[in-house]
Chemist: 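One structure is given below, represented as structure tokens, and several questions about it will come after.
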Amino acid sequence: MTTTLHLTRAHNWRTSAACQGVDLEMFFVDNPGTQARIQGICRGCPVRTSCLADTLDYEGQSHMRWGVVGGLTTCQRRALRCEALLGNRPNLKQARVLSSPVWAAVMVPLRHRGLSPAQIAVELRAHDVLVSAVTVRVAVWWAGGKGSVMPRRGPGDGRQVWELVRDECREVVYGLRELGAGNRDVAAYLQVSEDALARAIHAWRAEASEGVKAA
Ligand code: SF4
């Protein structure tokens with residue numbers, strides 16, 4: 001599949017791809033159910049690590065991202081572009097181990113506690129695992145979890161998503177935009193809709209404008 005997609009270099013690993021013979025069109029469907037099915041195929045693929053590594057390498061140069069590749073959706077790979085801008089690159093071999101059934105007994109309960117990738121990384125130190133948050137994020141995605149970096153709402157916190165972005169994410173949003181990330185990438189990084197991000201940005205601009213008027 002990867003040959004057909006966009007990789008032009010010789011890849012010995014592609015002959016072991018689990019997606020050989022799968023209808024290519026399915027990899028580009030936006031439907032979440034279809035994407036989940038394709039991600040299920042990638043989950044059992046023996047060359048997933050090489051596939052994603054080469055895909056990220058290619059997309060880092062081309063800025064083109066389509067479909068599910070290497071077990072990650074376009075949105076998840078957009079999030080990794082932002083992570084890279086922030087200086088965070090996943091260790092895919094480590095991510096693969098952490099997403100394997102061997103680690104499920106540790107990882108699944110941590111995910112079910114709603115911990116962020118950074119918090120899971122801290123918890124894993126108790127298991128003698130030193131791992132970066134972005135590596136955990138990929139491991140969680142590969143295992144079918146959300147891997148959200150958004151702060152959690154506490155009990156009784158009725159804020160909408162855009163309000164949470166407005167209140168909690170200003171620094172990272174402006175930081176990513178200064179580093180060259182577009183709104184679509186930033187929304188993917190936060191795993192919120194572009195509309196929610198746009199509303200938060202509008203609120204910050206309105207606040208700044210009020211500040212100028214008051215001065
Ligand atoms: S990881 Fe997914 S897209 Fe990549 S070769 Fe394997 S099945 Fe195909």
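A quick note: this is a predicted structure, and the numbers were derived from the prediction, not measured. Atoms within a ligand are numbered from 1 in the order they appear, just like the ligands themselves.
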Chemist: Hey, is Glu59 close enough to Arg81 for a salt bridge, meaning N to O under 4.0 Å?
Modeler: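 Looking at Arg81 together with Glu59, the answer is no, because their closest N to O distance does not fall below 4.0 Å.
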Chemist: In terms of side-chain geometry, is the basic nitrogen of Glu83 or Arg137 positioned less than 4.0 Å from the acidic oxygen of its partner?
Modeler: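 Counted as a salt bridge, because a side-chain N and a carboxylate O are separated by less than 4.0 Å.
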Chemist: Numbering the atoms of ligand 1 from 1, which are under 4.0 Å from a heavy atom of Ala17?
Modeler: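 In order of number, 5 (S).
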Chemist: More than 12 foreign heavy atoms under 6.0 Å from CG of Asp30: is that the case here?
Modeler: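 Open.
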Chemist: Applying a heavy-atom cut-off of 4.0 Å, say which part of Cys51 lies close to ligand 1: side chain, backbone, both or neither.
Modeler: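 It is the side chain that touches ligand 1; the backbone stays farther off.
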Chemist: Can you tell me if an N/O/S atom from Cys42 lies under 2.8 Å from atom 6 (Fe) of ligand 1?
Modeler: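 It does not: Cys42 brings no N, O or S atom closer than 2.8 Å to atom 6 (Fe) of ligand 1.
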Chemist: Does the distance from a Lys or Arg side-chain N to an Asp or Glu carboxylate O, for Arg113 and Glu123, drop under 4.0 Å?
Modeler: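 Yes.
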